[in-house]
Amino acid sequence: MFSRDIGIDLGTANVLIFVKGKGIVLNEPSVVAIDKHTNKVLAVGEEARRMVGRTPGNIVAIRPLKDGVIADFDITEAMLKHFLSKLDLKGFFAKPRILICCPTNTTSVERKAIKEAAEKSGGKKVYLEEEPKVAAIGAGMDIFQPCGNMVVDIGGGTTDVAVLSMGDIVTASSIKMAGDKFDMEILNYIKREYKLLIGERTAEEIKIKVATVFPGARTEEIDVRGRDLVTGLPRTITVRSEEIERALREPVSLIVQAAKSVLERTPPELSADIIDRGVILTGGGALLHGIDQLLAEELKLPVFIAENPMDCVALGTGLMLENIDRAPKSQLV
């Protein structure tokens with residue numbers, strides 16, 4: 001056996017790569033910086049992320065994935081090639097087999113694009129699997145028994161909610177409301193309330209440091225710098241947790257609605273299991289302060305955050321690669 005098996009969590013915000021026998025070997029932002037005039041790739045990953053909003057006109061930092069699907073095929077391919085060459089899996093190894101994840105409601109065209117990008121970047125055989133299923137496995141849930149497991153995977157571009165049993169998805173919902181949209185809501189709130197223009201990175205920093213989605217759960221403040229829309233000059237303001245809670249109320253309510261709609265469509269026997277087992281939160285959005293409390297209150301169920309929520313999908317791909325030969329049905333042609 002001379003080929004290495006690789007699991008890729010191709011996320012809107014981050015790309016994580018799992019190599020069989022080594023664990024997670026790469027975790028970088030899915031950003032590519034290119035020169036507009038020559039179309040040459042200048043930087044990929046963390047190096048490119050540092051350029052977002054800070055480049056001269058001829059250099060653009062692009063996020064080739066939008067809402068969990070490929071928005072720019074060529075750049076996604078270049079990004080994957082760069083990451084895989086960084087791992088240096090060539091040598092005497094044959095081309096690796098790749099297991100890659102996608103949201104539950106992707107169309108066959110979108111799946112084909114994901115698969116093609118992985119094949120072109122050096123995969124021998126490419127398997128596709130649905131994200132919430134892989135996230136649940138990575139979070140340590142035993143989804144292969146005949147009992148209900150519920151997972152809410154809040155990523156950068158999409159939130160996937162699924163109830164799983166017997167190793168497959170029973171009911172699921174995928175909405176384009178996740179971490180990136182939270183950043184935009186914060187950015188728009190500050191623009192509206194304070195007439196101050198801030199960048200996406202600043203909005204993300206506010207989300208991490210002071211945001212909460214459960215009223216009264218956090219009382220912190222942060223100084224935010226940006227450009228005054230009236231004078232055009234730099235200005236500093238102070239933003240508090242309770243303001244951000246108000247700003248995020250609407251987008252978070254959509255995630256609650258998605259979880260409720262999945263529960264409404266779940267067979268009663270499985271619903272009974274979920275009351276015992278609770279709901280597991282995975283993905284970077286699970287780290288949003290108060291999201292577990294809010295979902296627990298709204299769904300009237302115990303809600304737990306997975307141990308390493310950001311790594312769940314990548315770890316899940318690793319576990320699935322162990323058994324990939326026994327599971328030919330996971331291969332989508």
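With hydrophobic clusters built from ILVMFWY side chains whose heavy atoms lie under 4.5 angstrom apart, F214 does not share a cluster with I208. Linking ILVMFWY side-chain heavy atoms closer than 4.5 Å, directly or via other members, places M141 and I169 in a single hydrophobic cluster. V151 and M177 are members of different hydrophobic clusters when ILVMFWY side chains are connected at heavy-atom separations under 4.5 Å. Criterion: ILVMFWY side-chain heavy atoms under 4.5 Å apart, direct or through other members. Under it, V213 and V161 are part of a common hydrophobic cluster. Residues V126 and V15 are members of one and the same hydrophobic cluster, defined by side-chain heavy-atom contacts under 4.5 angstrom among Ile, Leu, Val, Met, Phe, Trp and Tyr.
Of the possible polar contacts, none joining the K195 side chain to the D228 backbone as a donor-acceptor pair under 3.5 Å is found. A distance-only check finds no donor-acceptor pair linking the side chain of T159 to the backbone of I175 [under 3.5 Å]. Panel note: side chain D72, backbone I75; a donor-acceptor pair is recorded below 3.5 Å. For D142 (side chain) and F144 (main-chain N/O), a donor-acceptor pair under 3.5 Å exists by modelled atom type. Under a 3.5 Å cut-off, the side chain of D9 and the backbone N or O of G7 do not form any donor-acceptor pair.
Contact annotation: the side chain of L248 never approaches that of Y189 to less than 4.5 Å [non-hydrogen atoms, C-beta and beyond]. At a threshold of 4.5 Å between non-hydrogen side-chain atoms, the residues V224 and T202 count as touching. Between I8 and L80, the closest side-chain pair of non-hydrogen atoms falls below 4.5 Å. Between K86 and E28 the shortest side-chain heavy-atom distance falls below 4.5 Å. Side-chain contact check for V262 versus R265: some heavy-atom pair is nearer than 4.5 Å. Side-chain atoms of L294 and V252, non-hydrogen and from C-beta on, do get closer than 4.5 Å to each other. Counting only heavy atoms from C-beta outward, the side chains of K207 and L288 approach each other to under 4.5 Å. Within the 4.5 Å cutoff, side-chain heavy atoms of L263 are placed close to those of M150.
Of the candidates Q293, E245, R218, H289, T212 forms a side chain to side chain donor-acceptor pair (under 3.5 Å) with just one, namely H289.
A salt bridge links E298 with K260: at least one charged nitrogen is closer than 4.0 Å to a carboxylate oxygen. Here K176 does not pair with D67 in a salt bridge; the nearest charged N to carboxylate O distance is not below 4.0 Å. Taking a cutoff of 4.0 Å between a charged side-chain nitrogen and a carboxylate oxygen, E204 and R201 do not qualify as a salt bridge. A salt bridge links R97 to D5: one of the charged nitrogens lies within less than 4.0 Å of a carboxylate oxygen. The existence of a salt bridge linking R111 and E130 is confirmed by a sub-4.0 Å separation between a basic side-chain nitrogen and an acidic carboxylate oxygen. Classification of R246 and E193 as a salt-bridged pair fails, no side-chain N sitting under 4.0 Å from a carboxylate O.
Surrounding CD of E269 are at most 12 heavy atoms belonging to other residues, nucleotides or ligands under 6.0 Å away. Heavy-atom contacts from other residues, nucleotides or ligands closer than 6.0 Å to CD of E116 number more than 12. No more than 12 heavy-atom neighbours from other residues, nucleotides or ligands sit within 6.0 angstrom of CD on E297.
Minimum interatomic distance between A136 and L164 (heavy atoms only, all atoms of both residues): CB-CD1, 3.7 Å. Nearest heavy-atom pair across V134 and T317 is CG1-N, 3.3 Å. The minimum heavy-atom distance between R63 and T12, with the atom names listed, is NH2-O, 3.3 Å. Minimum heavy-atom separation, G232 to R227: O-CG, 3.5 Å. Scanning both residues, A117 and I70, for their nearest heavy atoms gives CB-CD1, 4.0 Å. Residues A286 and I291 come closest through the heavy atom pair O-CG2, 3.6 Å.
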Next item on the list: With side chain to side chain contact (heavy atoms under 4.5 Å, CB included) as the test, would you mind laying out the steps for L270 and T171 before giving the verdict?
Entry: CA-CA 11 Å; L270 295 180; T171 51; over 6 Å; no

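A side-chain donor from one of T104 and D160 sits under 3.5 Å from a side-chain acceptor of the other.
Expressed to the nearest 0.5 Å, how far NZ of K181 lies from OG1 of T158 amounts to 9.5 Å.
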